[in-house]
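To start, the structure itself, in C-alpha cells.
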Amino acid sequence: MNSPNSFQVVDYTSDFHPKAGDGGDHHTGRGKFVHLRGPDGEYLVLSPIALTKYHAQVVARFCRDREDASFLMAPSGETGSFTLRGWRIFGGGLFHFDRESRTLRLYGRSQAYGAFDPERLLNLIPRAAGWHDVTVVTGAPL
C-alpha cells in the first residue's frame, strides 16, 4: 500500500501495442487521463483511446485492476461518470506522450469529471517513480 501522500502514474498505454503496418505509432501514446486521490495516495491514470473511449472507462479499469472492495462504483449523472467511495476525482483530459523525447502533454477536459488542475500535475508528475525525467507541458498541441 502506498503512503497517503504518494503520487503514482498508472500507464495503460503499454497494454496497447499497435501491429506493424497498422499505421500506429510505436513511439507515442495518446489517449485520455484521469487524476484521482484515495486513502493510499494520488494517481494519474493514462489510457489509450483504443482501450477506453470514455473517461469513466479509465476509472472503471483502474478500479477493476486494483481489486479493492472500497471501490464501490455508482453511476452518477448523464455523463457516465462514477462516484467512488472514499475517493476524489480531480478531473481529466487528453494526453500525448512522446517516449523518445520523454514529453507528456496534458490538455482538454473530461466531460464526466471536468477540467484537471495543470499546476498540481506539473508539480506531482516529476515525483512519481520512473517519471522524474519526463518533461510535462499543458495546453493543446499546435
How close do [X] and [Y] get, counting heavy atoms only, and between which atoms?
{"X": "L44", "Y": "F33", "result": "CD1-CD1, 3.4 Å"}
{"X": "V136", "Y": "L122", "result": "O-CD2, 3.3 Å"}
{"X": "H55", "Y": "G92", "result": "NE2-C, 4.1 Å"}
{"X": "S6", "Y": "D40", "result": "OG-O, 3.4 Å"}
{"X": "P126", "Y": "L121", "result": "CD-O, 4.3 Å"}
{"X": "G86", "Y": "P39", "result": "O-CD, 3.5 Å"}

Next on the checklist: Count I, L, V, M, F, W, Y as connected when their side-chain heavy atoms are under 4.5 Å apart, and connections chain through other members. Are I89 and V10 then in the same cluster?
Outcome noted: yes

Next on the checklist: Grouping I, L, V, M, F, W and Y whenever their side-chain heavy atoms are under 4.5 Å apart, do F7 and W131 come out in a common cluster?
Outcome noted: yes

Side chains of [X] and [Y]: does their closest heavy-atom pair fall under 4.5 Å?
{"X": "Y113", "Y": "L36", "value": "no"}
{"X": "R61", "Y": "V45", "value": "no"}
{"X": "V134", "Y": "F97", "value": "yes"}
{"X": "R99", "Y": "T13", "value": "yes"}
{"X": "V34", "Y": "Y43", "value": "no"}

Item to check | Whether over 12 other heavy atoms sit under 6.0 Å from Y54 OH | outcome: no

Checklist entry - Hey, is the main chain of T135 close enough, under 3.5 Å, to the side chain of R102 for a donor-acceptor pair? => result no

Checklist entry - Is the backbone of S47 close enough, under 3.5 Å, to the side chain of K32 for a donor and an acceptor to pair up by distance? => result no

Distance (rounded to the nearest 0.5 Å) between [X] [atom1] and [Y] [atom2]:
{"X": "F62", "Y": "T52", "atom1": "CZ", "atom2": "OG1", "answer": "13.5 Å"}
{"X": "R120", "Y": "E42", "atom1": "CZ", "atom2": "CD", "answer": "4.0 Å"}
{"X": "L46", "Y": "L106", "atom1": "CG", "atom2": "CG", "answer": "7.5 Å"}
{"X": "T138", "Y": "E119", "atom1": "OG1", "atom2": "CD", "answer": "7.0 Å"}

